[in-house]
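Numbers restart at 1 for each chain; the letters A, B, ... are given by sequence-line order, proteins then strands. Note that the coordinates shown come from a computational prediction; the quantities given were computed from them, not determined experimentally.
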Number of protein chains: 2
Amino acid sequence: MTELSTMKDGVANQAEASDRVLQILAEAGRLFASKGFEGTSMRDIALACGISKSLLYHHFSNKDEIYARVAVGSTLELYLFVRDRIPDGPPSQKIRAFMVATAEYFRRYRWAWIASTTAFWNDPDRSRHKERLTRRDRFENFLRGLIQEAIDAGEIRKVDVPMTGRLILSSLNWMHRWYNPNKSATPEQIADVFFDMIFNGLRSGELVEFPGAEPSKVGRRKSR
Amino acid sequence: MTELSTMKDGVANQAEASDRVLQILAEAGRLFASKGFEGTSMRDIALACGISKSLLYHHFSNKDEIYARVAVGSTLELYLFVRDRIPDGPPSQKIRAFMVATAEYFRRYRWAWIASTTAFWNDPDRSRHKERLTRRDRFENFLRGLIQEAIDAGEIRKVDVPMTGRLILSSLNWMHRWYNPNKSATPEQIADVFFDMIFNGLRSGELVEFPGAEPSKVGRRKSR
DNA sequence: GTTTTCACCGACCGATCGGTCAAGCCCGGC
DNA sequence: GCCGGGCTTGACCGATCGGTCGGTGAAAAC
């Protein structure tokens, strides 16, 4: 994880940034996460940092650049971060490690994560976060590769790979909406529980048939 | 579903509203969904409706009220909508019906749904959507009841009920971030696939042991 | 000792924000 | 004819938005 040695203060991959820049990015990320991009003014950021608004424009050209540094910075090394935490072993274990590592990243860089996944995600001006999108695509494709690997190894059944990836990422990406850091469970523990549920399923071991039930796939495994 | 007979134009439960009010709510919901609350100005809404900004204030007292009507209106009948679509039968089928019905609601009132689940969700001024939150709590508690029912019936194993509810809701609530209505699968079909994955699990029928793997819960079912 | 550099600030800009207001338009009842 | 009231408007308000400007003071470079 040498690529990640530049992370500090919850702001990822801002290598040769001064302390002041890091402070601005940290405060801006926290504000963007809690009030959104449009809901956060440059005055808010300056006030949170205890500096003048002009100083923001000394270090950044405009508001978009601050957001880009927060958002892209937070997803910049997500792929590398996760990839470096995938162990050798059965593919199912790799998927589990993928989920746990993503949760760890979320825990570490929570404000930047939230800011980048919520603020004006569907802005018509795609250029503002196009780079971030391609990085997330690479991240998602990596997961799909792991899923295909598990299918090829016979560890998981022949499910729809993109859909499976979406299910796994949904469980992780929605976490910031209900996760409370003051509660006991860590994001990594939560990811572990979700992996268990998704991989092993909720169903009890003994299959019970319901002849009267409407057509569905519930009893499907028996017919495979 | 008599409670839902007042739904029109993708705007839920606006019973005695005039056409103009329904138009405003529909356009406002679409704008809130695509640009967020702060990113949508009253001028934007008026322009989208082809009316003057003053007219908005004739029908609504302020911007917050428009958002409240959109957001609360969209979650107002979600609980009833879903509840009325739960069939008699095994609890697992009820959970599946819960997911499919929620997906149908999402498909029908997509813009209002997105607006209410994304715009300033963590605003410090909770009063703006407190009512909406209590309604969603009732909705989530209803799901937890179904899960507990399925556990009591022995259909699903003894999982953590709140966590299971979060997993199920995550798969549904994150859908708006990637769902493309031009693609083939409907939200209901997607919900059905997710239910299958979560209920039956991804794992293939035959359990394979990996003695060299690091400690985890992958092979756990065998030990139960 | 002088000059250059750089982090930093207060005052200010035009534009846009949410919101107000007095006045017109339209149309059925008298 | 005209009158009352709901629908609708454009002009306007103070506040705040993102962003710019000239300048300050202290340390570094010469």
Side-chain angles (χ1 to χ4, degrees), chain A residues 8-9 11 14-71 115 119-120 123-125 127-129, chain B residues 9 11 14-72 115 119-120 123-125 127-129:
Chain A
K8 346 174 191 175
D9 295 341
V11 180
Q14 307 293 345
E16 58 277 355
S18 68
D19 286 349
R20 175 108 302 165
V21 168
L22 290 179
Q23 179 199 13
I24 293 172
L25 291 175
E27 293 292 342
R30 197 173 51 79
L31 287 168
F32 286 150
S34 63
K35 307 204 297 179
F37 178 79
E38 310 282 354
T40 300
S41 72
M42 295 295 271
R43 286 167 180 81
D44 292 338
I45 300 173
L47 188 66
C49 296
I51 60 177
S52 70
K53 191 161 64 77
S54 308
L55 189 52
L56 295 178
Y57 289 93
H58 176 72
H59 290 294
F60 300 90
S61 61
N62 52 40
K63 189 179 175 184
D64 277 5
E65 189 190 327
I66 296 182
Y67 176 80
R69 285 286 291 275
V70 170
F120 70 86
D123 195 300
D125 181 6
S127 65
R128 268 198 276 195
H129 51 318
Chain B
D9 296 341
V11 180
Q14 307 293 345
E16 57 278 354
S18 67
D19 286 348
R20 173 110 302 164
V21 168
L22 290 179
Q23 180 199 13
I24 293 171
L25 291 175
E27 293 293 342
R30 196 173 52 79
L31 286 168
F32 286 149
S34 63
K35 307 204 298 178
F37 178 79
E38 310 282 355
T40 301
S41 72
M42 296 295 271
R43 286 168 180 80
D44 291 338
I45 300 173
L47 189 64
C49 296
I51 60 177
S52 71
K53 189 162 63 77
S54 309
L55 189 53
L56 296 177
Y57 289 93
H58 176 72
H59 291 293
F60 301 91
S61 60
N62 53 41
K63 188 181 178 183
D64 277 5
E65 189 191 326
I66 296 181
Y67 176 80
R69 285 285 290 275
V70 169
V72 175
F120 68 89
D123 195 299
D125 180 6
S127 65
R128 269 198 275 195
H129 51 319

Sorted by chain and residue number, the side chain to side chain donor-acceptor pair (under 3.5 Å) partners of Arg43(B) (sequence neighbours excluded) come out as none
Taking side chain as C-beta onward, heavy atoms only, is Ile51(A) less than 4.5 Å from Ile24(A)?
yes
Do Arg69(A) and Val21(A) come close enough that some side-chain heavy atom pair is under 4.5 Å?
yes
Check side chain to side chain contact (heavy atoms under 4.5 Å, CB included) between Lys63(A) and all other residues, then give those that pass, not counting sequence neighbours.
Phe32(A), Phe37(A), Met42(A)
Sequence-distant partners of Leu47(B), side chain to side chain contact (heavy atoms under 4.5 Å, CB included), two or more places apart
none
Is it true that a side-chain atom of Tyr67(B) and a backbone atom of Ala115(B) form a donor plus acceptor pair closer than 3.5 Å?
yes
Is the backbone N or O of Gln23(B) less than 3.5 Å from a side-chain atom of Glu27(B), with the two atoms forming a donor-acceptor pair by type?
no
Taking 4.0 Å as the cut-off, does a side-chain nitrogen or oxygen of His58(B) come that near to OP1 or OP2 on dT8(D)?
no
Just to confirm, is there a sub-4.0 Å distance from OP1 or OP2 of dG6(D) to any side-chain nitrogen or oxygen of His59(B)?
no
In whole angstroms, the gap separating P of dT9(D) from CG of Leu55(B) amounts to 6 Å
Which letters describe nucleotides 14-20 of chain C, given B = protein heavy atom under 4.0 Å from base, S = only from sugar-phosphate, - = neither?
---BBBB
Show me the protein contacts with nucleotides 23-28 of chain D, counting only N or O atoms at under 3.5 Å.
none

Quick one: salt bridge (charged side-chain N to carboxylate O under 4.0 Å, His left out) pairs with a partner in residues 44-54 of chain A, sequence neighbours left out?
Lys35(A)-Asp44(A)
